[in-house]
Peer 1: 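Before I ask anything, here is the structure I am working with.
Start at 1 and go down the list; that is how both ligands and their atoms are numbered. Quick note: numbers below take in every heavy atom, side chains included, and nothing from hydrogens, waters or symmetry partners.
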Amino acid sequence: MTLIDGKKLSKKIEQNIADEVVALKEKGVVPGLAVVLVGDDPASHTYVTMKEKSCKNVGFYSIVHKMPDTITQDEIIETLEMMNNNPRIDGILVQLPLPEHIDTTKILEVIDPQKDVDGFHPYNMGRTVENLDAFAPCTPVGVMEMFEEYNIDLEGKDVCVVGASNIVGKPMAALLLNKNATVTVTHIFTKDLASHTKKADIVIVGVGVPNLIKEDMVKDGAIVIDIGINRLESGKLVGDVDFENVSKKCSYITPVPGGVGPMTIAMLLSNTIKAAKRRVI
Ligand code: GUN
C-alpha cells in the first residue's frame with residue numbers, strides 16, 4: 001500500500017509558486033487574493049486562517065474581509081464589486097457556507113469569472129465540463145494533481161465518486177471524464193452504495209460522514225481518495241473512510257489529515273498565480 005502524501009506534494013507546489021512570485025515581483029506584479037468571510041462558523045474561520053497563512057508563505061498580498069452574519073446580500077455584492085474593480089486583487093474567494101438568508105448562487109455569480117479562483121462561477125464550471133481552459137474547483141483539481149504525481153493513469157478506469165456537491169462531486173466527475181475514466185457518481189439517494197464502490201478501481205469520497213467507506217465496500221487493490229474532513233467529539237480529525245481497515249486492501253490511499261486538505265490550498269494558490277500572470281505584459 002502506498003500512502004499518497006498530500007502534505008509533501010502541496011509543499012513542493014507551494015515552493016514552486018513562491019519562486020514564481022519572486023520572478024513576478026521583479027516585473028512589478030504581486031499576486032493578490034481577497035477572501036470574504038461571513039459569520040462566525042468556526043470551521044470556516046479555521047480554513048480562512050489556513051488560506052491566509054499560505055498566501056503569506058508564498059509572498060502573496062492577501063486581505064480577509066470579515067462580515068457579521070447580519071450582513072445583507074446587497075452589502076456583500078457591493079464588496080465583491082469593489083474587489084472585481086481592484087487591480088491589486090487577482091483572485092476572489094467567498095468562503096462557504098453563507099448564512100441562510102443569503103442566496104449563494106447570486107453571490108457567486110457576482111464574482112468576475114477571471115478572478116474566480118475557487119472555480120465556483122457557472123462560467124468556470126461550464127468551461128471545466130467542456131474541458132476548456134478555466135479555473136476548476138480547488139479540491140477536485142488537487143485530487144487530479146495527486147493522480148498525476150503518483151502516475152495513476154485514469155483512462156478506462158472505473159471510478160466511483162461518492163457525493164454530488166457542486167464544489168466537489170460534480171466537478172470531480174467532469175475532470176475524471178475529461179481524462180477518459182468511466183465515472184459513477186453516487187449520492188444520498190443512491191440505493192446500494194456498496195454495490196457501486198465495490199466495483200470501482202478508484203473510490204473518491206467527500207460527504208462528511210466519518211467511517212462511511214468500510215473495508216467490505218472496496219475491492220482488493222483499490223485506490224481510495226478521502227476528501228472528508230470530520231472533527232470527532234474527541235477532537236480527532238478523520239475523513240469519510242475507515243482508514244485503519246480500508247488501507248489494508250488498497251494499492252494507494254490518502255490519509256486525513258495530510259491528504260487532500262493541503263492540496264486544496266495549494267490549488268487555490270496555483271489558481272491565484274495563474275490569474276496574476278495575466279497582468280504581466
Ligand atoms: N467551503 C468548503 N470548502 C470550500 C472551498 O473550497 N472554498 C470555499 N470558498 N468555501 C468552502
Peer 1: Can we say Lys66 and Asp40 salt-bridge, meaning some charged N sits less than 4.0 Å from an Asp/Glu carboxylate O?
Peer 2: no

Peer 1: For Leu93, is at least one N or O under 3.5 Å away from an N or O on ligand 1?
Peer 2: no

Peer 1: Is there a side-chain contact between Lys170 and Val185, using heavy atoms and a 4.5 Å cut-off?
Peer 2: no

Peer 1: Would you say Asp118 has any N or O atom under 3.5 Å from an N or O of ligand 1, going by distance alone?
Peer 2: yes

Peer 1: How about Glu20 and Asn16: does a side-chain donor come under 3.5 Å of a side-chain acceptor?
Peer 2: no

Peer 1: Which protein heavy atom lies closest to atom 11 (C) of ligand 1, and at what distance to 0.1 Å?
Peer 2: Gln95 NE2, 3.4 Å

Peer 1: Under a heavy-atom criterion of less than 4.0 Å, does Met267 contact ligand 1?
Peer 2: no

Peer 1: Tell me whether Phe120 reaches ligand 1 (any heavy atom closer than 4.0 angstrom to a ligand atom).
Peer 2: yes

Peer 1: With sequence neighbours excluded, what pairs up with Ser44 under the side chain to side chain donor-acceptor pair (under 3.5 Å) test?
Peer 2: Asp41

Peer 1: Please walk me through it: do Arg279 and Asp90 pass salt bridge (Lys or Arg N to Asp or Glu O under 4.0 Å)?
Peer 2: CA-CA 9 Å; Arg279 274 204 266 155; Asp90 299 289; 2.7 Å; yes

Peer 1: To check your reading of the model: name the closest protein heavy atom to atom 1 (N) of ligand 1, its residue, and the distance in Å.
Peer 2: Leu96 O, 2.9 Å

Peer 1: Show which atoms of ligand 1 fall inside a sub-4.0 Å distance from at least one heavy-atom site of Val94.
Peer 2: 8 (C), 9 (N)

Peer 1: Just to confirm my output: which protein heavy-atom neighbour is closest to atom 3 (N) of ligand 1, and how far is it?
Peer 2: Ile167 CD1, 3.8 Å

Peer 1: Tell me yes or no: between the side chains of Glu52 and Thr49, is some donor less than 3.5 Å from an acceptor?
Peer 2: no

